[in-house]
2 protein chains.
Amino acid sequence: MARDKDRRGAVTIEDVARHVGVSPMTVSRVINNFSGVRQSTRENVLRAVAELGYSPNPAARSLARHGGRRVGLLYSNPSAGYLSEFLVGALDGAQRSGSLLMIEKCGASEDSERAAIDRLVAGGVTGVILPSPHAESVTAHEQLALHNITGVAVGARLLNQQPNTVRIDDFAAAAEMTRHLLDLGHKRIGFIKGAANQSATAERLLGFETEIRKAGRAASALVEEGDFTYRSGLEAAMRLLASEQPPTAIFASNDDMAAGVMAAAHYRGRVVPGSLSVAGFDDTPIATAVWPELTTIHQPVAGMTETAVRILSEAARGKTPSAPAQPVDRLLPYKLVIRASTGPAPRPDAS
Amino acid sequence: MARDKDRRGAVTIEDVARHVGVSPMTVSRVINNFSGVRQSTRENVLRAVAELGYSPNPAARSLARHGGRRVGLLYSNPSAGYLSEFLVGALDGAQRSGSLLMIEKCGASEDSERAAIDRLVAGGVTGVILPSPHAESVTAHEQLALHNITGVAVGARLLNQQPNTVRIDDFAAAAEMTRHLLDLGHKRIGFIKGAANQSATAERLLGFETEIRKAGRAASALVEEGDFTYRSGLEAAMRLLASEQPPTAIFASNDDMAAGVMAAAHYRGRVVPGSLSVAGFDDTPIATAVWPELTTIHQPVAGMTETAVRILSEAARGKTPSAPAQPVDRLLPYKLVIRASTGPAPRPDAS
DNA sequence: ACTGTGTTTGTTAGCGCTAACATCGCTACT
DNA sequence: AGTAGCGATGTTAGCGCTAACAAACACAGT
């Protein structure tokens with residue numbers, strides 16, 4: 001204890017090894033979850049790890065792993081609600097897989113995207129994570145292919161390119177939300193579409209429509225255009241609420257638009273959820289910032305990024321960088337989060 | 001060129017040294033900006049660095065710097081709008097100063113805070129960055145002192161504890177915003193306070209009041225309670241707008257509350273900024289999510305965190321960890337961002 | 001008993017970089 | 001001339017960890 005204090009507070013793998021009475025290598029094998037360690041030994045080591053509060057030094061790790069796998073992360077919109085979770089997930093994944101993270105910001109233009117990727121390449125990354133605006137960018141995928149580097153799209157997919165993806169089942173999630181609304185007795189349901197160039201937009205719409213169709217004549221849908229911004233949600237809601245038979249529930253394909261819907265509802269004197277139910281998608285910070293808080297679909301953003309990092313870092317182990325086995329399309333579980341913005345349909349006033 | 005390709009794309013310090021015809025150590029001295037290198041040598045090295053596209057391996061660096069300075073970062077609310085910027089800044093600062101970042105999440109309770117700090121300590125950090133909820137926590141500072149570790153508060157300060165701080169001048173910023181409102185001709189201005197336990201709350205209020213007082217009888221203020229949440233902003237605005245002589249402008253001490261004010265305004269049929277100007281503070285994502293977009297005070301969050309990391313990493317160089325020279329209180333420049341939510345006062349209808 | 005096959009553990013070396021000290025000139029003195 | 005003193009550079013060692021190989025051990029079959 002006293003001895004440890006001098007040592008800058010850091011417990012090394014050797015301390016653990018000595019404590020258990022094995023070689024550092026064995027400890028290394030245990031913490032990396034390698035096979036070929038007797039069960040009892042493994043347990044001893046794990047106990048010591050816990051006792052001493054050991055946590056591996058990521059720098060040393062990355063160094064020892066022959067140059068260390070470095071994974072890059074491209075981002076463009078630092079104020080997007082999901083980014084912080086995104087980063088936390090990436091950091092976690094990096095730490096856990098012992099790889100180094102290089103974060104690079106880029107603008108919206110294709111040139112800027114290309115430049116950012118080049119910077120990443122210069123930094124020696126073996127793989128790059130692409131969140132939504134870039135996940136769908138042909139430019140980005142091309143530039144990566146040019147340098148023979150693996151990319152993983154998170155939360156979206158680009159069908160005709162190399163399709164490494166980590167995402168949720170947008171179709172099923174939208175369907176589930178729609179069912180939730182239907183179950184509450186809503187007959188006329190408005191839907192606000194997202195930006196046309198994002199892959200999730202189509203899937204969410206499809207999920208909605210499919211569920212509505214399943215309900216048969218018991219339900220009808222009103223679909224409006226939107227582009228994922230608050231303002232587009234507000235305007236779409238204004239149109240919906242001005243229609244002859246306004247909906248009793250509006251399902252916006254993301255939270256920002258749903259917040260816009262709520263503003264429109266307030267403006268038109270509709271009480272949420274008393275006279276209008278509102279549902280969002282993504283569970284971004286704004287979902288709990290507004291009042292009443294939004295019913296929405298929670299995406300495990302951090303988990304998705306962590307998975308992406310892990311995929312990349314494992315792919316880097318496979319010696320042939322060009323052929324990352326077969327492309328991965330991992331689907332993670334989403335969750336319907338019911339908060340205060342949805343409630344029973346007002347009354348049987350439908351036609 | 002071809003040779004480099006095999007080498008995982010990474011150029012090492014040795015490659016540079018060989019290319020120039022000096023020892024690696026000299027290169028190291030140059031890239032670390034150490035004195036004691038002849039000017040001509042320095043230039044040669046720098047040229048080679050540029051030519052070869054060398055970038056130092058942060059892992060090796062951190063390892064070689066004897067255990068490497070590790071700085072910890074405590075966060076609790078992953079959905080806070082500023083977190084992503086916060087992280088980006090920290091990452092940047094860490095990379096630039098060659099230190100390692102350990103990010104630790106913790107809950108709101110004191111126990112959870114203590115536990116998180118202990119985990120950080122076990123991980124061997126030499127300093128910890130404390131964003132707002134923790135910056136003001138006596139517990140956090142005590143726990144750090146217990147382990148003899150330096151803390152830096154970002155965006156807030158705790159006066160009677162060890163006051164390493166990086167922040168903006170909340171007082172001046174609030175005053176400037178108030179002046180902006182005054183300049184637009186507003187005479188009756190509402191102000192919504194923040195949570196009582198945060199240091200910024202008092203300073204912002206003071207800045208506001210000081211400026212109002214300066215205006216003399218030309219202006220009057222209505223101050224309402226709030227706690228930095230959307231809902232509290234909405235409710236405070238409702239009270240403000242229901243008063244006999246409602247204000248023509250409302251200055252909320254953060255963006256979330258300002259968004260709540262806008263909702264209240266819509267609800268009461270007030271057009272923003274036509275009949276009511278709304279101002280926020282912080283320039284978080286919500287400021288541009290709402291419509292019209294908020295006039296607010298921009299904080300250089302990323303810069304603040306980067307500075308904090310640098311302070312910590314420099315303090316770690318000074319051998320005596322207990323006495324980090326004298327405490328630092330660094331003030332960074334803020335910026336008044338005028339968007340669409342503020343405009344000229346409706347008309348000279350004031351008493 | 002003795003080789004073969006597999007499982008568990010240890011050994012050696014080195015990832016890329018930088019403290020700390022050693023060295024090599026060189027000028028400036030006594 | 002001799003040597004202290006200084007600035008510029010090189011050398012050695014090692015940060016904490018893990019590949020790759022080597023060794024030790026177990027137990028099967030012959």
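Lettering of chains follows the sequences in order, A, B, ..., and the numbering in each one begins at 1.
Of the possible donor and acceptor atoms, one in the side chain of A:Thr307 sits under 3.5 Å from a partner among the backbone N and O of A:Gly303. At least one donor-acceptor pair closer than 3.5 Å links the side chain of B:Asn164 to the backbone N or O of B:Val328.
Summarising the geometry, the separation between CZ on B:Phe34 and P on D:dG7 is reported as 16 Å, rounded to the nearest angstrom. Separating the CG atom of B:Leu63 from the P atom of C:dC17 is a distance of 12 Å, rounded to the nearest angstrom. Look at CZ on B:Arg65: it is 6 Å from P on C:dT18, rounded to the nearest Å. Taking atom CZ on A:Arg18 and atom P on C:dG10, their separation rounds to 14 Å, with Å as the unit. With rounding to whole Å, B:Glu43 atom CD is found 14 Å from D:dA8 atom P. Summarising the geometry, the separation between CD on B:Glu14 and P on D:dT11 is reported as 11 Å, rounded to the nearest angstrom. To the nearest angstrom, C1' of D:dG16 lies 6 Å from CG of A:Asn57.
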Which protein N or O atoms sit under 3.5 Å from an N or O of nucleotides 22-27 of chain D?
none

Check: protein-nucleotides 22-28 of chain C nitrogen or oxygen pairs below 3.5 Å:
none

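Ranking D:dT18, C:dG16, C:dC17 by closeness to the B:Tyr54 side chain, first place goes to C:dC17. When each of D:dT18, D:dG10, C:dC17 is scored by its nearest atom to the side-chain atoms of A:Arg61, the top-ranked nucleotide is D:dT18.
Regarding contacts with the backbone of D:dT18, a side-chain N or O of A:Asn32 is found under 4.0 angstrom from either OP1 or OP2. Considering only side-chain N and O atoms, B:Arg38 lies nowhere under 4.0 angstrom from the phosphate OP1 or OP2 of D:dG7. A close approach under 4.0 Å does not occur between any side-chain nitrogen or oxygen of B:Ser28 and OP1 or OP2 of C:dC17.
The side-chain contact (heavy atoms from CB on, under 4.5 Å) test with A:Val128 is passed by exactly one of A:Val121, A:Val71, A:Leu144: A:Leu144.
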For B:Ile311 and B:Arg330, run side chain to side chain contact (heavy atoms under 4.5 Å, CB included): C-alpha distance rounded to whole Å, both residues' side-chain angles, the deciding distance at 0.1 Å, then the answer. CA-CA 10 Å; B:Ile311 289 174; B:Arg330 189 105 29 120; 3.7 Å; yes
Report the C-alpha distance between B:Leu73 and B:Phe86 in whole Å, list the side-chain angles of each, state the deciding distance to 0.1 Å, and finish with yes or no for side chain to side chain contact (heavy atoms under 4.5 Å, CB included). CA-CA 10 Å; B:Leu73 171 48; B:Phe86 206 88; 3.4 Å; yes
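Here B:Thr41 lies in heavy-atom contact (under 4.0 Å) with sugar-phosphate atoms only. Among the protein residues, B:Thr26 comes within range of the sugar-phosphate backbone only, with heavy atoms under 4.0 Å from sugar or phosphate atoms but none that close to a base.
Rounding to the nearest 0.5 angstrom, the gap separating the CG atom in A:Asn44 from the OG1 atom in A:Thr26 is 11.5 Å.
Between B:Ala60 and B:Val22, the one whose closest nucleotide on DNA chain D sits nearer the 5' end is B:Val22. With DNA chain C read from its 5' end, the first of the two nearest nucleotides for A:Ser35 and A:Met25 is the one closest to A:Ser35.
Salt bridge present: B:Arg310 and B:Glu306 bring a charged side-chain N and a carboxylate O closer than 4.0 Å.
The closest side-chain donor-acceptor pair between B:Glu113 and B:Ser137 falls under 3.5 angstrom. Residues B:Asn32 and B:Arg61 bring a donor and an acceptor atom of their side chains to less than 3.5 Å of each other.
Proximity of B:Leu74 to B:Leu120: side-chain heavy atoms (C-beta onward) are separated by under 4.5 Å at one or more points.
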